[in-house]
Amino acid sequence: ITEGANDVLGTNHDIPRLHGCFACHSGRKDLVLGFGSIQLSSTELPLNLQQLNSQKLLTHKTPNHYTLPGTATDQKALGYLHANCSHCHNADHHMGERVGMFLKIKVGVPLLEQPVYKTAVDVPTRFFRGKDFRIISGDIENSAIYHRMNSTERGIRMAPLGREVIDPYGIEVLSNWIVNLKN
């Protein structure tokens with residue numbers, strides 16, 4: 001679909017025009033969005049890393065499970081940002097590099113040393129003028145990330161392409177995390 005499509009298969013999901021695809025689907029070793037070793041390590045999935053390893057379906061043996069740092073609230077927020085935002089917001093993607101906000105989890109790195117803490121928590125926004133800080137510890141309403149995730153307006157919403165609805169689960173996870181962050 002080179003011209004893109006709106007409300008694909010009766011859903012609220014849009015497919016951007018072909019030239020927009022690589023805005024999101026680059027900056028990774030593969031072009032797949034939404035899952036990787038961290039997401040697949042959950043034992044609650046119908047197919048997970050342990051099963052993929054035991055069935056020899058992976059090209060490289062990997063640990064059966066990755067444990068994220070922090071509390072359950074931290075883990076949910078970091079996992080959400082990693083799965084939904086880090087495909088652009090990482091050091092290998094032109095947008096992540098331009099903006100300087102990196103949300104990809106680094107396995108084995110302590111919580112406060114994670115890129116999200118260094119590049120987003122209590123860090124001023126660079127190009128977005130709607131809010132002054134990316135994430136303000138304890139302050140949801142004035143955190144740009146919350147504001148942008150909670151909008152469907154072009155130029156404000158994040159992710160900027162292929163999203164026209166707000167993810168209530170994501171808003172809840174990030175809100176709980178931001179409220180519990182301490183300066």
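Everything numeric here is computed off the predicted structure, so don't read it as measured data. We use all heavy atoms of the structure for the numbers below, so side chains are in, but hydrogens, waters and symmetry mates are not.
Taking the side chain to side chain contact (heavy atoms under 4.5 Å, CB included) definition, one finds that Val173 meets it with Lys76, Ala77, Tyr80, Tyr169, sequence neighbours left out. With sequence neighbours left out, Asn142 forms a side-chain hydrogen bond (donor to acceptor under 3.5 Å, both in side chains) with Asp139. The side chain to side chain contact (heavy atoms under 4.5 Å, CB included) check on Phe127 picks up Arg98, Val99, with sequence neighbours excluded. For Thr152, the side-chain hydrogen bond (donor to acceptor under 3.5 Å, both in side chains) test picks out no residue, with sequence neighbours left out. Phe128 pairs by the ring-ring contact (aromatic ring centres under 6.0 Å, His included) definition with His147, not counting sequence neighbours. Contacts of Lys106 classified as salt bridge (charged side-chain N to carboxylate O under 4.0 Å, His left out), with partners at least two apart in sequence or in another chain: none. Residues passing the side-chain hydrogen bond (donor to acceptor under 3.5 Å, both in side chains) test with Gln55, sequence neighbours excluded: none. Judged as a salt bridge (charged side-chain N to carboxylate O under 4.0 Å, His left out), and not counting sequence neighbours, Glu153 has no contacts. Among residues two or more places apart in sequence or in another chain, the side chain to side chain contact (heavy atoms under 4.5 Å, CB included) test is passed with Leu68 by Ile38, Gln75, Ile105. Qualifying side-chain hydrogen bond (donor to acceptor under 3.5 Å, both in side chains) partners for Asp74, counting only residues two or more places apart in sequence or in other chains: Thr71, Trp177.
Between the His65 side chain and the Ser41 main chain, a donor and an acceptor come within less than 3.5 Å of each other. In terms of modelled atom types and a separation under 3.5 Å, the side chain of Asn150 and the main chain of Tyr146 share no donor-acceptor contact. For Asn48 (side chain) and Gln51 (main-chain N/O), a donor-acceptor pair under 3.5 Å exists by modelled atom type. Judged by distance alone, with hydrogens and angles left aside, the side-chain atoms of Arg134 form a donor-acceptor pair with the main-chain N or O of Thr119 at under 3.5 Å. Of the possible polar contacts, one joining the Gln114 side chain to the Val109 backbone as a donor-acceptor pair under 3.5 Å is found. A distance-only check finds no donor-acceptor pair linking the side chain of Ser151 to the backbone of Ile156 [under 3.5 Å].
Other residues, nucleotides and ligands place no more than 12 heavy atoms under 6.0 Å from the CZ atom of Arg154.
When only modelled atom types and interatomic distance are considered, Asp122 and Ser137 share a side-chain donor-acceptor pair under 3.5 Å.
Val116 and Leu78 make their closest contact through CG1-CD2, 3.2 Å (heavy atoms, listed as atom of the first residue, atom of the second, distance).
Residues Met101 and Met158 are members of separate hydrophobic clusters, defined by side-chain heavy-atom contacts under 4.5 angstrom among Ile, Leu, Val, Met, Phe, Trp and Tyr.
Contacts classified as salt bridge (charged side-chain N to carboxylate O under 4.0 Å, His left out) and involving residues 55-70 (residues at least two apart or in different chains) are not found.
To the nearest 0.5 Å, the span separating CZ on Arg157 from CZ on Arg148 amounts to 10.5 Å.
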